[in-house]
Amino acid sequence: MNILITGTSSWIWKYLEKNLRENNNIFSFSRWNWYDLTKIETFENIKSSLKKIPFLDKQGLGMVILNAWVWEFWKFEENSLEKYENIINLNLLANIRLLKILENFINKNTKIIFMGSIISKKFMKNAAVYQASKFGLRGLAGGLKKEWKKVFLINPKIVDTDFHKNKIKLNNKFEKTSLESILLAVQEIISWKEQRFEIDL
Ligand SMILES: NC(=O)c1ccc[n+]([C@@H]2O[C@H](COP(=O)([O-])OP(=O)(O)OC[C@H]3O[C@@H](n4cnc5c(N)ncnc54)[C@H](OP(=O)(O)O)[C@@H]3O)[C@@H](O)[C@H]2O)c1
């Protein structure tokens, strides 16, 4: 299957990409390979890169995984507007932009996976704008599900990654999601064993 993923340079999707690469063609985009999804010109660059891949024209994408994100912790007044605009830009707007430019590569068989979060289901303090971006993403995914059918939303709880370092102490109070369970969910979406829209892990 041809799979496009945003943000595979670290943690969750670095692990997943490594495991999915065995049986699939992976096309990944993030800043490590010069695709900054907060910049408007990036989307035309992605389109031209994909156009250069001959078999993609015929086969299209079997799956699109929208994963790239950023967030800022702490109280609303403690971060700048610039940081907040960046969160909405990357976590929400970039996915809409990407799906628009992918129109020629996606078809009725393409599965779209949105990486959501527990934070799009439950109100939490100290992350209001990040929370808004994930609620927005959940709305986008749910709306598209009504139109396109093959749309999925994976909501991990806390995944033990570097990202939490120096921010919160991951003690037993927090429910965690393993990398393996996220991989399994994706594999089961690929094989059609998993058919639910929203997968809370
Ligand atoms: N970690 C958790 O506890 C947790 C919990 C629930 C849900 N999730 C969800 O899981 C997903 C991945 O989490 P993770 O922990 O694996 O995150 P991560 O390690 O921070 O990875 C984020 C990815 O986003 C990319 N990215 C950041 N800024 C970008 C930009 N401007 N343009 C393009 N790509 C950009 C990064 O690549 P570059 O640096 O190369 O750009 C990186 O590959 C997120 O959607 C998150 O909401 C995570």
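Counting starts at 1 for both ligands and their atoms, in listed order.
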Trainee: Would one find an N or O of S30, backbone or side chain, under 3.5 Å from an N or O of ligand 1?
Mentor: yes
Trainee: Determine, stepwise, if the pair N109 / K150 fulfils side chain to side chain donor-acceptor pair (under 3.5 Å).
Mentor: CA-CA 7 Å; N109 295 317; K150 292 171 184 159; 3.2 Å; yes
Trainee: I158 heavy atoms, cut-off 4.0 Å: which ligand 1 atoms fall inside?
Mentor: 3 (O)
Trainee: Below 4.0 angstrom from a heavy atom of G116, which ligand 1 atoms are there? Numbered from 1 as shown, please.
Mentor: 7 (C), 9 (C)
Trainee: Determine whether any heavy atom of A94 lies closer than 4.0 Å to an atom of ligand 1.
Mentor: no
Trainee: What do you reckon, does Y130 put a non-hydrogen atom under 4.0 Å from ligand 1?
Mentor: yes
Trainee: Number the atoms of ligand 1 from 1 as they appear, then name those within less than 4.0 Å of a heavy atom of W32, with their elements.
Mentor: 40 (O)
Trainee: Under 3.5 Å, N or O to N or O, is I12 touching ligand 1 that way?
Mentor: yes
Trainee: When you compare the side chain of I189 with that of M63, does any pair of heavy atoms fall below 4.5 Å?
Mentor: yes
Trainee: Would you check if K134 and W71 make a side-chain contact, meaning some heavy-atom pair closer than 4.5 Å?
Mentor: no
Trainee: Report the distance from atom CG of L201 to atom OG of S117, rounding to the nearest 0.5 Å.
Mentor: 11.0 Å
Trainee: Looking at S9, which atoms of ligand 1 are within less than 4.0 Å of one of its heavy atoms?
Mentor: 36 (C), 37 (O), 38 (P), 39 (O), 40 (O), 42 (C), 43 (O)
Trainee: Heavy-atom contact under 4.0 Å between L90 and ligand 1?
Mentor: yes
Trainee: For ligand 1, which is the ligand I care about here, please tell me if V159 has any N or O atom under 3.5 Å from one of the ligand's N or O atoms.
Mentor: yes
Trainee: Do V186 and I154 make a side-chain contact, defined as non-hydrogen atoms from C-beta onward lying under 4.5 Å apart?
Mentor: yes
Trainee: Thinking salt bridges, do K145 and E198 make one under a 4.0 Å N-O criterion?
Mentor: no
Trainee: Near M115, which atoms of ligand 1 are under 4.0 Å from a heavy atom of that residue?
Mentor: 10 (O), 45 (O)
Trainee: Go through ligand 1 atom by atom and flag the ones less than 4.0 Å from a non-hydrogen atom of T38.
Mentor: 31 (N)
Trainee: Do any heavy atoms of K157 fall under 4.0 Å from ligand 1?
Mentor: yes
Trainee: Hey, is V70 one of the residues with a heavy atom under 4.0 angstrom from ligand 1?
Mentor: no
Trainee: Would you say ligand 1 has an N or O under 3.5 Å from any N or O of L37?
Mentor: yes
Trainee: Can you find a pair of side-chain heavy atoms, one from I190 and one from I3, that are under 4.5 Å apart?
Mentor: yes
Trainee: Only one of W69, F73, F76 clears ring pair (Phe, Tyr, Trp, His ring centres under 6.0 Å) with Y130; which?
Mentor: W69
Trainee: Is a donor on one side and an acceptor on the other found under 3.5 Å between the side chain of T6 and the backbone of A68?
Mentor: yes
Trainee: Has the side chain of N104 got a donor or acceptor atom that lies under 3.5 Å from a matching backbone atom of I101?
Mentor: no
Trainee: Mind checking whether I118 and N155 have side chains closer than 4.5 Å, heavy atoms only?
Mentor: no
Trainee: What part of Y35, side chain, backbone, both or neither, has a heavy atom within less than 4.0 angstrom of ligand 1?
Mentor: backbone
Trainee: Identify, by atom number and element, the atoms of ligand 1 in contact range of D36, meaning under 4.0 Å from any of its heavy atoms.
Mentor: 30 (C), 31 (N), 32 (N)
Trainee: Considering E17, K14, K134, K176 one by one, which has a heavy atom nearer to atom 47 (O) of ligand 1 than any of the others?
Mentor: K134
